[in-house]
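The first residue of the sequence shown is numbered 1, and numbering continues consecutively from there. Hydrogens, waters and symmetry mates are skipped; everything else that's a heavy atom, side chains included, is used.
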Amino acid sequence: ERSVKAAASQLAAAERLAQQASGDNVADSAEITRAYGNLRSLLAALASAKKALSANHGDWNALDAEADKIAAQGAQVAAALKGEIAEAQSVVDSISSASAMVRKAGSWSGSYGVVINGTPGSDSLSQARSLLEAGRYEEAKRAAENAFRKASNAIAEAEAEESRQRRAEE
């Protein structure tokens, strides 16, 4: 009975994480989708174990082993969900930072007629958003970091050119 309760507790924790993942307004990754399926299977297995527990006669050692297996797999599902939720949040933060830097580059203006042409990083930023919507977190993060770098480099180059022109004037 103790093992079944431990399995139930572990799956309850995984269910809370699944609810968090489904309600975070970020597209689910393949790993999260897989975790949902695994959780459904584990919940069905737990229901069977609880039913067997209420029987008068049974193989209690086998039931105990099955409950331990459910708990262990539930812990794996919970860990996968926790990791993916953290990764999704990290991507959202990276896209937010990249978006701010791309905006800054797009509106940058300097002296001596120095301008930044176009909106550096906007293509990578759009790609990052599309990849996030597809649940492809690692690729989305790389694209967001690339957008940030392009915009940041454009600003640095424009500021350096502005400094060169200032020194040339002096």
Next on the checklist: Pairing donors with acceptors under 3.5 angstrom, does anything connect the side chains of Tyr137 and Glu31?
Outcome noted: no

Checklist entry - When you measure from the side chain of Tyr36 to the backbone N and O of Ser22, does any donor-acceptor pair fall under 3.5 Å? => result yes

Checklist entry - If you measure only the distance, is there a donor-acceptor pair under 3.5 Å linking the side chains of Glu157 and Asn153? => result no

Next on the checklist: Can you tell me if Asn25 has over 12 outside heavy atoms packed within less than 6.0 Å of its CG?
Outcome noted: no

Item to check | Lys/Arg N to Asp/Glu carboxylate O, Glu1 vs Lys5, below 4.0 Å | outcome: yes

Next on the checklist: Check this for me: does any side-chain nitrogen of one of Lys141 and Glu138 sit under 4.0 Å from a carboxylate oxygen of the other?
Outcome noted: no

Next on the checklist: Using salt bridge (charged side-chain N to carboxylate O under 4.0 Å, His left out), reason through Glu161 and Arg164 one step at a time and then give a plain yes or no.
Outcome noted: CA-CA 5 Å; Glu161 178 59 27; Arg164 276 191 292 280; 2.9 Å; yes

Checklist entry - Does the side chain of Gln10 reach to within under 4.5 Å of the side chain of Leu42, using non-hydrogen atoms? => result no

Item to check | Rounded distance (nearest 0.5 Å) linking atom CG of Leu53 with atom CD of Glu66 | outcome: 13.0 Å

Checklist entry - Just wondering, do Met101 and Leu125 contact through their side chains at under 4.5 Å, heavy atoms? => result no

Item to check | Polar side chain donor-acceptor pair, Thr33 to Asp28, under 3.5 angstrom | outcome: no

Checklist entry - Do you see a donor-acceptor pair shorter than 3.5 Å between the side chains of Glu15 and Gln19? => result no

Next on the checklist: Are Arg142 and Asn146 packed together at the side-chain level, in the sense that at least one heavy-atom pair is separated by less than 4.5 angstrom?
Outcome noted: no

Checklist entry - Is Ile95 close to Arg129 at the side-chain level, that is, under 4.5 Å between some pair of heavy atoms? => result yes

Checklist entry - Are the side chains of Gln20 and Leu17 in touch, meaning some heavy atoms are under 4.5 Å apart? => result yes

Item to check | Derivation of the side-chain contact (heavy atoms from CB on, under 4.5 Å) call for Ile32 and Ser29 | outcome: CA-CA 5 Å; Ile32 288 177; Ser29 66; 3.5 Å; yes

